[in-house]
Amino acid sequence: QTSINGNVDLGDSAASWSAKDHKSSTNSPSNPTQGLKRPRNDTGNKVTVVLGAQWGDEGKGKVVDLLATQSDLVCRCQGGNNAGHTVVVEGTEYDFHLLPSGIINPKSICVIGNGVVIHLPGLFEEAEKNEKKGKSSLKGWEKRLIVSDRAHLVFDFHQVVDGIQETQRQATEGKIIGTTKKGIGPTYTSKASRIGLRVCDLLGDFKEFSTKFKNLVAQYQSMYSSLTVDTDTQLKKLKEYGERLRPMVRDGVYYMYEALHGPPKKILVEGANAALLDIDFGTYPFVTSSNCTVGGACTGLGIPPLNIGEVYGVSKAYTTRVGIGAFPTEQLNATGELLQTRGHEVGVTTGRKRRCGWLDLVILRYAHMINGFTAIALTKLDILDVLDEIKVGVAYKINGKRIPHFPANMELLHKVEVEYETFPGWKSDTSAARKWNDLPQKAQNYIRFVENHIGVPIKWVGVGKSRECMIQMF
């Protein structure tokens, strides 16, 4: 008999099949399932997924950090170092871009899945920068990090190309997408064009890798005449990074299968970016290049849908976005400035000021349609403490008529009229609240309205930066 981890018995499955078991169709039994040998119906451990429910920057890192303290495995499934997650532990602020936020828990193993695109210099620089912050949380991080051999690599020239493309868009169309210029789009383009290079290529025959790398550079140089690449220097650095990475690399599919079907484990998936930045479902073309909705957890890690358990959506108590694109509830006024200032709304990755507006329940309902959230984390409620009144967008209208869907066409989305509900502000400090009953009644009313309108329970309410500032409702 064959078994994996002593848990999934394959003795009665195809592992023990041989040619003599084959029956010709003329001799098959009247019951077509009679005599078939099937594996035990064991779906394995369930996976909890944390996803952004707006345009990113909702505080996913904090929710992941909270859940990671009880998790055995914390995984990233898509995106690259265009993501930025801030975690505050014991007064120290950590910024993560490629590393899963769970790396801060010394008892967790962290996985960078095949759906992630990895800039190796950025990965090691990020780890070293956070490690130097004087705490022991990240000590030995390289022994707790698993990297999928199927993950694609972001090269320095991808980042240069990202910048060139933005310049060209500005020159030809008069507008840009507003990318982070981290090379994410060009890398996913290489991947989709089947000319990309993966971790397994770097750690394989380096001579073969070098040839493919030079061919890839040549292809991009044929498209962008201003692109210059010192291939020999780049290859030397890549070889060094590859050897440093080698001890962390595993076959990601097999590793996740073992984790799912081995002893009971708490497995957490940390989504980067957010629903409205999804390549298929976001405000296209002002989106990222990966699937940052729940399907990305399956394709980016090799997890069957049957293993998806809880799906938590993270939303601010208001709405922000970085970059270009439609933003129906944006407030280009004193309210927007107040939210930006009080919320310290500056992009972790780009340093750009975030655009700010009222909470938009149309986009939250839309994100729920796609992801099937089992609960919501509502963050940064405390930023609203000083407002006299608070508005919530509840519907979109076109030509005076409500529309039941979220428009795909950006020109149409720019034209929608937002229907608002207005609530009185609670005008009191909520940052010290640690239980539901500590919140003012008017704040409770606001939260309950949001919960009922989306049709998803709110499990956490955030009232500050640190771990202890998350009120757990159930």
Side-chain angles (χ1 to χ4, degrees), residues 47 49-58 60 75-83 113-117 150-152 154 158 162 165 169 175-180 182-194 196 269-305 307-308 311-315 319-328 360-374 376 396 403-414 416 454 456:
V47 174
V49 185
V50 177
L51 301 167
Q54 297 167 305
W55 276 286
D57 309 307
E58 303 94 345
K60 295 181 295 294
C75 313
R76 268 284 302 275
C77 62
Q78 44 73 225
N81 60 341
N82 59 330
N114 58 276
V116 179
V117 290
R150 289 174 170 84
H152 277 251
V154 180
H158 280 131
D162 205 346
Q165 289 176 341
R169 289 184 193 108
K175 61 184 178 182
I176 59 174
I177 286 177
T179 79
T180 59
K182 295 293 184 181
I184 308 305
T187 304
Y188 278 114
T189 299
S190 296
K191 178 178 178 176
S193 300
R194 294 161 292 184
V269 175
E270 171 182 17
N273 316 113
L276 275 293
L277 292 173
D278 187 278
I279 185 70
D280 285 295
F281 304 111
T283 46
Y284 191 90
F286 306 105
V287 294
T288 193
S289 303
S290 61
N291 286 113
C292 30
T293 40
V294 70
C298 296
T299 57
L301 285 160
I303 295 173
N307 291 96
I308 301 293
V311 181
Y312 297 137
V314 186
S315 166
T319 307
T320 64
R321 81 170 294 177
V322 170
I324 318 300
F327 184 171
D360 187 335
L361 298 187
V362 178
I363 69 170
L364 287 191
R365 288 199 308 272
Y366 174 66
H368 175 48
M369 288 178 198
I370 298 160
N371 291 298
F373 297 132
T374 54
I376 294 282
Y396 292 166
I403 56 171
H405 58 277
F406 183 81
N409 184 285
M410 287 305 98
E411 289 179 19
L412 195 60
L413 190 60
H414 275 294
V416 298
I454 307 168
V456 182

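All values below come from the heavy atoms of this structure, side chains included, with hydrogens, waters and symmetry mates left out. Predicted model only: the values in this text are computed from it and were never measured.
- There is no side-chain donor-acceptor pair under 3.5 Å between His152 and Thr187.
- Put simply, the side chain of Gln54 does not reach to within 4.5 Å of the side chain of Thr320, judged on heavy atoms.
- Atom CD1 of residue Ile279 and atom CG of residue Asn291 lie 8.0 Å apart, to the nearest 0.5 angstrom.
- What you find for Ala274 and Cys292 is that their closest heavy atoms are O-SG, 3.0 Å.
- Here Ile376 contributes atom CD1 and His368 contributes atom NE2; the two are 8.0 Å apart, rounded to the nearest 0.5 Å.
- The closest side-chain donor-acceptor pair between Asp360 and Tyr396 falls under 3.5 angstrom.
- Side chains of Ile308 and Ile303 form a contact here, defined as non-hydrogen atoms less than 4.5 Å apart.
- Taking CZ from Arg321 and CZ from Phe286, the interatomic distance works out to 8.0 Å, rounded to the nearest 0.5 Å.
- When side chains are defined from C-beta on, Phe327 does not count as touching Thr283, because their heavy atoms never get closer than 4.5 Å.
- Looking at Asn371, its side chain never comes within 3.5 Å of a backbone N or O of Phe373 through a donor-acceptor pair.
- Residues Leu51 and Tyr312 form no side-chain contact, since every pair of their non-hydrogen atoms from C-beta on lies 4.5 Å or further apart.
- Nearest heavy-atom pair, Ala367 versus Ala53, reported as atom, atom and distance to 0.1 Å: CB-O, 3.6 Å.
- Formation of a donor-acceptor pair under 3.5 Å by the Asn307 side chain with backbone atoms of Val47 is not found in this model.
- The NE2 atom of His158 lies 9.5 Å from the CD atom of Gln165; values are rounded to the nearest 0.5 Å.
- Side chain to side chain, Thr288 and Asn82 meet the donor-acceptor criterion of an N or O pair below 3.5 Å.
- Side-chain contact check for Pro328 versus Leu413: some heavy-atom pair is nearer than 4.5 Å.
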Query raised in the report: For Trp55 and Val322, what are the C-alpha separation, side-chain angles and deciding distance, and is it a side-chain contact (heavy atoms from CB on, under 4.5 Å)?
Result: CA-CA 8 Å; Trp55 276 286; Val322 170; over 6 Å; no
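- Side-chain atoms of Asn81 do not come within 3.5 Å of backbone N or O of Val117 as any donor-acceptor pair.
- Residues Met369 and Phe406 form no side-chain contact, since every pair of their non-hydrogen atoms from C-beta on lies 4.5 Å or further apart.
- Distance check: Ile363 CD1 to Ile454 CD1 gives 10.0 Å after rounding to the nearest 0.5 Å.
- Considering Asn273, Asp278, Asp280 in turn, Asp278 is the only one that fulfils the side chain to side chain donor-acceptor pair (under 3.5 Å) rule with Thr293.
- Annotation for Cys77 and Val269: closest pair SG-CG1, 3.9 Å, computed over non-hydrogen atoms.
- Contact between Leu301 and Gly113 at its shortest, heavy atoms only, is CD2-CA, 3.7 Å.
- Using modelled atom types, no side-chain atom of Lys182 and backbone atom of Asp162 make a donor-acceptor pair closer than 3.5 Å.
- Residues Gly115 and Lys191 share a closest heavy-atom pair of CA-NZ, 4.3 Å.
- The closest side-chain heavy-atom distance from Phe281 to Tyr366 is below 4.5 Å.
- Within the model, atoms CD of Gln78 and CD1 of Ile184 stand 10.5 Å from one another, a figure rounded to the nearest 0.5 Å.
- The two residues Asn114 and Thr299 have their closest heavy-atom pair at ND2-O, 2.9 Å.
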